[in-house]
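Below is one structure; the comments refer to it alone.
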Amino acid sequence: MQRGVLVTGGAGYIGSHTTVELIKAGFEVVIVDNFSNSDISSLDGIERITGVRPTFVEADCCDKEALRRVFEAHDFQSVIHFAAYKAVGESVAEPMKYYRNNLLSFMNIVELMQEYKRPNIVFSSSATVYGDAETLPVTEQTPRKPATSPYGNTKQMAEDILRDVTAACEGIVGIALRYFNPIGAHPTANIGELPRGVPNNLVPYITQTAAGVRECLSIFGDDYDTPDGSCQRDFIDIVDLARAHVVAIERMLAGKNRARYEIFNVGTGHPVSVFELVNGFEAANNLKLNVRIAARREGDVPAVWADTTHANNELGWRAERALDDTLRAAWAWERKVRGIE
Ligand code: UFG
């Protein structure tokens, strides 16, 4: 079916928001997820927002035979592959867990696409491939830097696999979306991020601190060579990011892709420092956070943000949501999860 999409990791943070935008755009979604870092409640959230419960198969994408049954049973032209582990520190401690899961699942997907003649794939890549870039903002032509973690390496390796497969195989076209820092939650507060344990990422740590789950937010470094001494990132609203996947799929279905493999940065194009984000969260939500300055976190780059010209011009996509709305949505979601009025 032309407008069928397989979404692996569709119960997760980015996958669930993308599923909502796909359904709103008239796509029929089949989700495959093994709940390794997600929760079945996100399917309820998707249904509350869209009125549609996507078809769901509980399976691990590393299990090729289980995945094969999905390809046998469902007719879709396109795949969006989110299913992967994503904790940088954990990947350093347990590299094989990351190489096995992130690469095997991706190779299974690509092989089954070839076998079952399903032509289009969007791959979740990351700004991590740019490392500590020499020039900012980064364009898609900015050279990749050697990965500093097994997690980052799996993103680079999967990009390369996709480049090689699309070059060799007439039947497959692919788009890698390099995400910057996805944040926020759906404005209805029906879906959002559900990190397990202590959050690694800034915004979940902020919202949990505001909720009293964490005592104090540590700001990792105030002595960087940046305007205010804290790191700068490109924080992209999760709904804006989700929409980028829909336009990427539409582009391939319409045959508008200019090459068999394309790469797009998905960010706002604007740097925001950690201090600015924290202050922005406090102002948008009219509250005060308990904050302390801590040592730099190993592996953090001082600054990275996107040049989004390519995505703006070629995909006709741009980030639209204002940062304070995104930060209000993040807090509304955390309150809902915690049952805070
Ligand atoms: N930060 C804090 N305190 C925290 C958490 C984060 O000060 O409690 C700071 C970090 O030091 C960094 C910024 O907030 O400067 C953003 O940190 P995140 O962990 O939210 O995001 P990263 O930019 O480190 O991570 C992103 C993606 C990863 C990707 C990584 C590569 O989320 O998937 O970039 O650098 F691998």
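Both counts, for ligands and for their atoms, begin at 1 and track the order of listing. Along the sequence shown, residues are numbered consecutively beginning with 1.
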Query raised in the report: With a 4.0 Å cut-off, would you call Glu21 and Lys24 a salt bridge?
Result: yes
Query raised in the report: Which protein heavy atom lies closest to atom 19 (O) of ligand 1, and at what distance to 0.1 Å?
Result: Arg297 NH2, 2.8 Å
Query raised in the report: Parallel, tilted or perpendicular: which describes the rings of Tyr116 and Phe71, with under 30° parallel and over 60° perpendicular?
Result: tilted
Report task. Select the closest option to atom 4 (C) of ligand 1 among Phe220, Tyr151, Tyr179, judged by heavy-atom distance. Result -> Phe220
**Report entry** Any Leu104 side-chain heavy atom under 4.5 Å of Cys62 side chain
**Finding:** yes
**Report entry** Distance filter under 4.0 Å to Asn200 heavy atoms, resulting ligand 1 atoms
**Finding:** 5 (C), 19 (O)
Query raised in the report: Would Phe35 and Phe56 count as a close aromatic pair, with their ring centres under 6.0 Å?
Result: yes
Query raised in the report: Could you state the interatomic distance from CZ (Arg318) to CG (Asp240), rounded to the nearest 0.5 Å?
Result: 11.0 Å
Query raised in the report: Ring centres of Phe82 and His245 under 6.0 Å apart?
Result: yes
Report task. Nearest heavy atom to atom 21 (O) of ligand 1 wins, so pick from Val304, Ile219, Asn181. Result -> Asn181
Report summary line: Of Val291, Asp132, Asn201, Thr148, the residue with the heavy atom nearest atom 18 (P) of ligand 1 is Asn201
Requested in this report: May I ask you to identify the nearest protein heavy atom to atom 13 (C) of ligand 1, giving residue, atom name and distance to one decimal place in Å?
Outcome: Val274 CG2, 3.8 Å
Report summary line: Residue, atom and distance of the protein heavy atom nearest atom 35 (O) of ligand 1 read Thr128 OG1, 4.0 Å
Query raised in the report: Does atom 31 (C) of ligand 1 have a protein non-hydrogen atom under 4.0 Å from it?
Result: yes
Query - Residue portion contacting ligand 1 (non-hydrogen atoms closer than 4.0 Å) for Arg296 - result: neither
Query - Closest protein heavy atom to atom 10 (C) of ligand 1, given as residue, atom name and distance to 0.1 Å - result: Asp300 OD2, 3.4 Å
Query raised in the report: Within less than 4.0 angstrom of ligand 1, does Gly152 place any heavy atom?
Result: no
Query raised in the report: Protein heavy-atom contact under 4.0 Å for atom 23 (O) of ligand 1?
Result: yes
Query raised in the report: How close does the nearest protein non-hydrogen atom get to atom 20 (O) of ligand 1, and which residue and atom is it?
Result: Leu202 N, 2.8 Å
**Report entry** Nitrogen or oxygen of Phe235 less than 3.5 angstrom from that of ligand 1
**Finding:** no
Query raised in the report: Do any N/O atoms on Lys86 end up under 3.5 angstrom from N/O atoms on ligand 1?
Result: no
Query raised in the report: Can you say whether the rings of Phe281 and Trp331 are parallel (under 30°), tilted (30 to 60°) or perpendicular (over 60°)?
Result: perpendicular
Query raised in the report: Which atoms of ligand 1 are found less than 4.0 Å from any heavy atom of Cys231?
Result: 15 (O)
Report task. Before accepting this row, confirm whether a basic side-chain N of the pair Lys256/Glu314 lies closer than 4.0 Å to the acidic partner's carboxylate O. Result -> no
Query raised in the report: What atoms in ligand 1 come closer than 4.0 Å to a heavy atom of Ser218?
Result: 2 (C), 3 (N), 4 (C), 7 (O), 8 (O)
Query raised in the report: Are the side chains of Glu276 and Asp228 in touch, meaning some heavy atoms are under 4.5 Å apart?
Result: yes
Report summary line: Here the gap from Thr8 atom OG1 to Leu67 atom CG, rounded to the nearest 0.5 Å, amounts to 8.0 Å
**Report entry** Salt-bridge criterion met for Asp324 and Arg328 (N-O under 4.0 Å)
**Finding:** yes
Query - Atoms in ligand 1 flagged as close to Val88, the criterion being non-hydrogen separation under 4.0 Å - result: 36 (F)
